Amino acid sequence: VQLQASGGGLVQPGGSLRLSCVVSGSIFPVYALGWYRQAPGRQRELVAAITSGGNTDYVDSVKGRFTISRDNAKNTVYLQMNSLKPEDTAVYYCNAHLTYRKIATMEFDSWGQGTLVTVSS
């Protein structure tokens with residue numbers, strides 16, 4: 001699968017950004033999808049996930065601030081990020097798998113290029 005994330009940038013604390021990720025392949029509707037981030041010196045972590053049926057889950061640190069969604073017609077998964085904090089600064093990645101459990105365990109063959117989000121005044 002090929003992944004192309006975009007939408008990152010520099011934003012002030014309290015601001016918003018919407019990330020997009022286009023996923024190649026005709027079986028996009030059956031994929032489980034995840035957004036991940038990796039800050040300097042830290043391990044990559046799962047931020048948000050969405051099943052093929054639209055059920056969502058979030059890491060505690062972003063609950064109430066981030067929203068993951070998908071548009072199956074556009075092969076795209078989104079991450080709406082509101083009330084951004086400096087600790088949200090990271091490179092954000094997306095990925096896809098037919099098995100939801102693999103979204104949580106990050107068992108992927110490859111990763112696409114991420115998009116950098118910097119939250120700073």
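As the structure is a prediction and not an experimental result, all values here were calculated from the model. The residues of the chain are indexed from 1 along the displayed sequence.
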Would you verify whether the NZ or CZ of Arg18 falls within 45 degrees of the ring axis of Tyr78 while also being under 6.0 Å from that six-membered ring's centre?
yes
Distance in Å, Ser120 OG paired with Gln12 CD, rounded so as to fall on 0.5 Å steps:
8.5 Å
One should read off an interatomic distance between Lys102 NZ and Glu107 CD, to the nearest 0.5 angstrom, of 5.0 Å
Check for me, please, whether Val1 and Leu79 land in the same ILVMFWY cluster - side-chain distances under 4.5 Å, paths through other members count.
yes
Going hydrophobic residue to hydrophobic residue with side-chain gaps under 4.5 angstrom, can you get from Tyr92 over to Val59?
yes
Please answer whether the main-chain N or O of Thr118 pairs with a side-chain N or O of Thr89 as donor and acceptor at a distance below 3.5 Å.
no
Taking side chain as C-beta onward, heavy atoms only, is Tyr93 less than 4.5 Å from Gln113?
no
To the nearest 0.5 Å, how far apart are CD in Gln4 and CD in Gln2?
9.5 Å
All heavy atoms of Trp35 vs all of Ser20, minimum pair found to be CH2-O, 3.6 Å
For Thr76 and Asp71, which I'm curious about, is there any donor-acceptor pair between the side chains at under 3.5 Å?
no
Between Val30 and Leu98, which heavy-atom pair has the shortest distance, and what is it?
CG2-CD2, 3.6 Å
Indicate, with yes or no, if Met106 and Val62 share a hydrophobic cluster defined by side-chain heavy-atom contacts under 4.5 Å among Ile, Leu, Val, Met, Phe, Trp and Tyr.
no
Quick one: do Lys85 and Asp88 make a salt bridge, cutoff under 4.0 Å?
no
Sub-3.5 Å donor-acceptor pair from the side chain of Thr99 to the main-chain atoms of Arg101, do we have one?
no
Which atom of Ala48 lies closest to which atom of Tyr58, heavy atoms considered
CB-CD2, 3.6 Å
In terms of hydrophobic clustering (I, L, V, M, F, W, Y; side-chain heavy atoms under 4.5 Å; direct or indirect links), are Val23 and Ile103 co-clustered?
no
Which atoms form the tightest heavy-atom contact between Leu19 and Gly8, and what is the distance?
CD2-N, 3.6 Å
Any salt bridge (charged side-chain N to carboxylate O under 4.0 Å, His left out) involving residues 42-59? Give me the pairs, sequence neighbours left out, ordered by first then second residue.
Arg37-Glu45
Hey, does Pro29 have a side-chain heavy atom less than 4.5 Å from the side chain of Ser52?
no
Between CG of Leu33 and OG1 of Thr56, what distance do you get to the nearest 0.5 Å?
12.0 Å
Donor-acceptor pair, Asn75 side chain versus Gly25 backbone, under 3.5 Å?
yes
Intermediate values then yes/no, side-chain contact (heavy atoms from CB on, under 4.5 Å), Leu3 and Val22:
CA-CA 6 Å; Leu3 309 139; Val22 179; over 6 Å; no
Are Ser16 and Gln80 side-chain neighbours, meaning at least one heavy-atom pair lies under 4.5 Å?
yes
Determine the minimum heavy-atom distance between Val77 and Cys94, stating which atoms define it.
CG1-CB, 4.4 Å
If you measure from CG on Asn82 to OG1 on Thr67, what distance do you get to the nearest 0.5 Å?
6.5 Å
Can you tell me if Arg70 uses its side chain to pair, donor with acceptor, with the backbone of Tyr31 under 3.5 Å?
yes
Ring pair (Phe, Tyr, Trp, His ring centres under 6.0 Å) partners of Tyr36, counting only residues at least two apart
Phe108, Trp111
Distance-minimising heavy-atom pair for Gly7 and Thr115:
N-OG1, 3.8 Å
I need the Ile68 CD1 to Asn55 CG distance, nearest 0.5 Å.
11.5 Å
Is there a path of hydrophobic side-chain contacts, each under 4.5 Å between heavy atoms of I, L, V, M, F, W or Y residues, that connects Ile50 with Ile27?
yes
